[in-house]
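On a predicted model such as this, the values are computed, not experimentally measured, just so you know.
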Amino acid sequence: MPLDIRRVHSTMLLAIRRTQNNLKVTKQITDTLEDTHFSHPDVIKNETPLIAHWLFNNYVNSELSELAKNDTPPIIFNQHLQSITSDLCDYTEMYTDGSKTDNGVGAAVNQLHNLTNSGYSIILIWIPSNSQITGNERADEKARQAITSPDAIKLNDFTLHDAKSLSKTITSNIWLRAWRLGSTKLNEIKHTTLAWPSPPNISRKIETEINRMRIGHSSLTHQHLMKREDLPICTNISLQNAANLREKNGKQEYHSF
């Protein structure tokens with residue numbers, strides 16, 4: 001990737017980090033990213049927790065995670081969950097889940113800090129997805145509905161991980177557009193910036209030699225360029241870079257010496 005495009009990508013990452021940490025994004029950064037349409041202000045920002053970590057004494061039960069999901073029937077998960085909740089009395093079950101599609105990300109959540117401030121004791125229980133647990137299946141359905149529901153709260157924010165992926169996609173597209181505008185021999189035979197398929201564990205030297213053969217470069221024809229020397233004189237006809245034109249089967253063929 002060219003250095004100037006790498007610099008744009010690094011500027012995107014800097015803007016993401018400064019936005020996430022509630023730091024000012026300088027005008028120099030915004031000017032650099034002006035033509036990229038990269039919405040760094042939408043990155044989710046770090047916030048001060050509403051409850052201090054040492055005051056959040058809610059118990060987390062992860063017993064179900066000890067069961068291998070691929071080898072455990074859903075009925076076993078249901079029975080194990082019932083055995084956990086059977087020891088509780090006067091409790092209310094609340095389920096939360098998230099769902100991701102091509103149209104967006106949805107979530108069904110509860111504000112636990114409000115319950116904690118009201119004096120409730122909260123026990124968090126991890127449960128596997130798609131295990132036919134009624135409450136979890138209902139939460140999953142609500143999360144999917146939230147993606148397109150007009151009644152759902154719309155958030156345009158995205159995570160740090162998504163911002164990094166987006167910055168990578170944008171810079172790759174910038175490089176691809178610049179590549180297609182090039183006029184080198186390599187641009188003519190390779191129309192994408194993606195790497196050519198190569199055998200595994202191939203050395204850099206062998207890969208370079210293969211690419212040179214692909215574009216028609218060899219020591220015989222282009223050694224003077226690699227050594228930064230003048231174009232050699234053809235000793236047979238004493239002409240520099242001579243080209244013979246001859247007719248064959250009604251077609252013109254050029255032969256360079």
TODO: Measure across Pro73 and Asp71 and return the closest heavy-atom pair with its distance rounded to 0.1 Å.
DONE: CD-O, 3.8 Å
- [ ] Identify whether Ile44 and Leu23 are in the same connected component of the hydrophobic contact network (ILVMFWY, side-chain heavy atoms under 4.5 Å).
- [x] no
TODO: Start with the C-alpha distance between Ile16 and Phe38, add both sets of side-chain angles, then the distance that settles side chain to side chain contact (heavy atoms under 4.5 Å, CB included), and finish with yes or no.
DONE: CA-CA 10 Å; Ile16 293 170; Phe38 180 62; 3.6 Å; yes
TODO: Starting at OG1 of Thr19, measure out to CG of Leu14 and round the result to the nearest 0.5 Å.
DONE: 9.0 Å
Task: Minimum heavy-atom distance Pro128-Asn136, with the two atoms named - done: O-ND2, 3.6 Å
Open item on the list: If you count heavy atoms of other groups shown closer than 6.0 angstrom to CD of Gln28, is the number above 12?
Closed with: no
Open item on the list: Would a single hydrophobic cluster contain both Ile123 and Ile127, if residues Ile, Leu, Val, Met, Phe, Trp and Tyr are joined by side-chain heavy-atom contacts under 4.5 Å?
Closed with: yes
- [ ] Please report the C-alpha distance between Trp126 and Val60 in whole Å, then the side-chain angles of each, then the deciding distance to 0.1 Å, and finally whether the side chain to side chain contact (heavy atoms under 4.5 Å, CB included) criterion is met.
- [x] CA-CA 8 Å; Trp126 180 91; Val60 178; 5.9 Å; no
TODO: Identify the heavy atoms of Phe77 and Leu67 that sit nearest to each other, and give their distance.
DONE: CE2-CB, 3.8 Å
- [ ] Among residues two or more places apart or on two chains, list those pairs meeting side chain to side chain donor-acceptor pair (under 3.5 Å) that have a residue in residues 74-86.
- [x] Glu63-His80
Task: Between NE2 on residue His37 and CG on residue Leu166, distance to nearest 0.5 Å - done: 12.5 Å
Task: Check against side chain to side chain contact (heavy atoms under 4.5 Å, CB included), Thr11 and Thr36 - done: CA-CA 11 Å; Thr11 305; Thr36 63; over 6 Å; no
Task: Nearest-0.5 Å distance, CG of residue Asp140 to CD1 of residue Ile133 - done: 12.0 Å
- [ ] Identify the two heavy atoms, one from Glu137 and one from Gln132, that lie closest to each other, and give their separation to 0.1 Å.
- [x] OE2-N, 3.4 Å
Task: Nearest non-hydrogen partners of Ile5 and Trp175, listed with the distance - done: CD1-CA, 3.5 Å
Open item on the list: Is any side-chain heavy atom of Ile210 closer than 4.5 Å to one of Ile202?
Closed with: yes
Open item on the list: To check you understand the geometry: which heavy-atom pair defines the closest contact between His191 and Arg180, and what is its length?
Closed with: O-NE, 3.4 Å
Task: Cluster overlap Leu81 with Ile76, hydrophobic side-chain contacts below 4.5 Å - done: yes
Open item on the list: Tell me whether the count of non-hydrogen atoms from other residues, nucleotides or ligands lying under 6.0 Å of NZ in Lys45 goes above 12.
Closed with: yes
TODO: Could you state whether Tyr91 and Leu64 fall into the same hydrophobic cluster, counting links through intermediate Ile, Leu, Val, Met, Phe, Trp or Tyr residues with side-chain heavy atoms under 4.5 angstrom apart?
DONE: yes
- [ ] Working to the nearest 0.5 Å, report the span between CE of Met12 and OG1 of Thr32.
- [x] 10.0 Å
Open item on the list: Distance check, rounded to the nearest 0.5 Å: Glu34 atom CD versus Lys27 atom NZ?
Closed with: 8.0 Å
Task: Exceeds 12 heavy-atom contacts within 6.0 angstrom, atom CD1 of Ile75 - done: no
- [ ] Report the C-alpha separation of Ile174 and Arg177 in whole Å, then their side-chain angles, then the decisive distance to 0.1 Å, and conclude whether the side chain to side chain contact (heavy atoms under 4.5 Å, CB included) test is met.
- [x] CA-CA 5 Å; Ile174 294 174; Arg177 288 195 297 269; 3.4 Å; yes
Task: Check: Leu13 and Ser167 side chains under 4.5 Å, non-hydrogen atoms - done: yes
Task: Salt-bridge criterion met for Glu141 and Arg144 (N-O under 4.0 Å) - done: yes
